[in-house]
Protein chains: 2
Amino acid sequence: MNKMQVKTGTAETVAAALEQAIHEHRLPPGMKLGEDELADVYRVSRTIVRAALQSLAHNRLIELKRNRGAFVAQPTVAEAREVFEARALLEPRTARSAAERMTEADITALQAHIDAEHAAIDDGESGRALYLSGLFHIEIARIADQKTIADLINQLISRSSLIIALYWQRRAALCESHAHHALIEAFRDRDGDLAEELMKSHLLDLVTSLDLRSRKSVPSSLHEALRK
Amino acid sequence: MNKMQVKTGTAETVAAALEQAIHEHRLPPGMKLGEDELADVYRVSRTIVRAALQSLAHNRLIELKRNRGAFVAQPTVAEAREVFEARALLEPRTARSAAERMTEADITALQAHIDAEHAAIDDGESGRALYLSGLFHIEIARIADQKTIADLINQLISRSSLIIALYWQRRAALCESHAHHALIEAFRDRDGDLAEELMKSHLLDLVTSLDLRSRKSVPSSLHEALRK
DNA sequence: AGTGATCAGATTGTATACAATATTGTGGCT
DNA sequence: AGCCACAATATTGTATACAATCTGATCACT
């Protein structure tokens, strides 16, 4: 493989590990991430852990409270709406661009993503399936060859994973992968118009399949929780 | 004032100082930012400087090269285009939202921004004028009451300042503030359609007023610079 | 018992010491 | 002189020690 050797034990690897754990819902929203604890787990010093946490905080995957520590973020309903509104502004156009410059290799890669996604679903690893479903969108942004926009979408999808973990309601697990299939068909035909339209409605479906009336998780500050 | 007391000497204050220096073009693209040097200037330890630099790197205002240090970013032509394409996706719709929920106080605040901008221009502080012109856009995003999108726009405008500093060609300094005036008029009328349209063409004007054929600054690696 | 002050423990914030790496200068060799 | 190896220096990367702050437990007092 032509992949660069990635040194283990760096801030980047720790951040990546934590990010994946959050995406796969192994670290639930609100959970405290103690620095000493993480340093012990990953066998690095707190310096490294701290750098990783700062990075995650910048992407809003965790919240840093001064003198209190790091906690897995708990997006509010308002935030959830905002994230999907931002995605609605960015992703449809990006899907169009991607469709227009899609190569056979790209399509193959996307298909592989979907297959992996299905495999995860079949194995009952819904957390991992969710993660892979996010990667599908990120891959599209990458194909569109707009690094800047791809980065923004990356941030948003990262947060979306958390949001979906919080507000997802079980049913409708199948319709999503269907949407991804439909997108691939549009990509095969290099149909920019259709891809843009499909992405738009896909995102709309996603939002409406969330339950944005009640939050399921434990509120982080009792302060807000107990004044009924 | 109801403003919170901001402790000096924190990573945030150092990052803010550096960001402003970059925006006002006092730190030119490509300039090396040595850790010890900065620590000495701001009277803090390298720990703090490092945190600040990481933060700026995340916003792409500086580039961190492993074992080499931090350098003020030098956006390429491709990056410049990408940043403005991203803004074109986000800002027009945001301007519409802002127009729809604009209050008198908001309009006053925006007008104050423009006035300050003009004052800076009259004083010949073109760097500061550029910075304030960016704040105008950020203020609009804030008024639209979409924190997530506002954050994204904030990042993009931050980078835009650098880009404009690099690729701006002198003429056309006046048309910009004219565009801002026109926007305010639309806001006064709560005319969402017009605001969206004006923002769209304003961003287009900005891009076309850049010289994206030749780069003016010193290239960071002599390697690429000297092989004519 | 209930309230509040004070103190011990734990956790984060910051500075500094040391290690790893890159850069630059020197000297020997051809 | 030109080139290469190697040492000296400077700079960044990481770990750790110490300071500041928060938590929550104990205990005196009403």
Where at least one partner belongs to residues 149-165 of chain B, residue pairs that pass salt bridge (charged side-chain N to carboxylate O under 4.0 Å, His left out), sequence neighbours excluded: A:Arg60-B:Asp151, B:Glu79-B:Arg159
Testing D:dT21, D:dA15, C:dT21 for proximity to the side chain of B:Asn67, the answer is C:dT21
Per the salt bridge (charged side-chain N to carboxylate O under 4.0 Å, His left out) rule, what does the pair list look like for residues 123-138 of chain A, sequence neighbours excluded? A:Glu24-A:Arg128
Under the side chain to side chain donor-acceptor pair (under 3.5 Å) test, residues paired with B:Asp106 that sit two or more places apart: B:Thr103
No-hydrogen, no-angle side-chain donor-acceptor test under 3.5 Å, B:Glu19 and B:Ser158: yes
For B:Arg46 and D:dA15, is the shortest distance between a side-chain N/O and OP1 or OP2 below 4.0 Å? no
Looking at the side chain of B:Arg66, which of C:dT16, C:dA22, D:dT14 is the nearest nucleotide? D:dT14
Gap between atoms CD1 and P, on A:Ile62 and C:dT12 respectively (whole Å): 11 Å
So, with a heavy-atom separation below 4.0 Å from DNA chain D, the residues of residues 35-44 of chain B are B:Glu35, B:Asp36
Which residues share a side chain to side chain donor-acceptor pair (under 3.5 Å) with A:Glu91, sequence neighbours left out: A:Arg87, A:His137
Qualifying ring-ring contact (aromatic ring centres under 6.0 Å, His included) pairs with a residue from residues 11-53 of chain A, counting only residues at least two apart or across chains: A:His23-A:Tyr131
Dot-bracket for DNA chain D, please. Rules: Watson-Crick or G-U, both distances under 3.5 Å, ( ) within the strand, [ ] when a pair crosses earlier ones, | for another strand, . otherwise. ||||||||||||||||||||||||||||||
Among all residues two or more places apart in sequence or in another chain, which pass the side chain to side chain donor-acceptor pair (under 3.5 Å) test with B:His118? none
Residues two or more places apart in sequence or in another chain: which of them pass side chain to side chain donor-acceptor pair (under 3.5 Å) with A:Asp115? A:Gln111
What is the distance, rounded to the nearest whole Å, between atom CG of B:Leu64 and atom P of D:dT12? 10 Å
Among C:dT23, D:dC22, D:dT11, the one nearest any side-chain atom of B:Lys32 is D:dT11
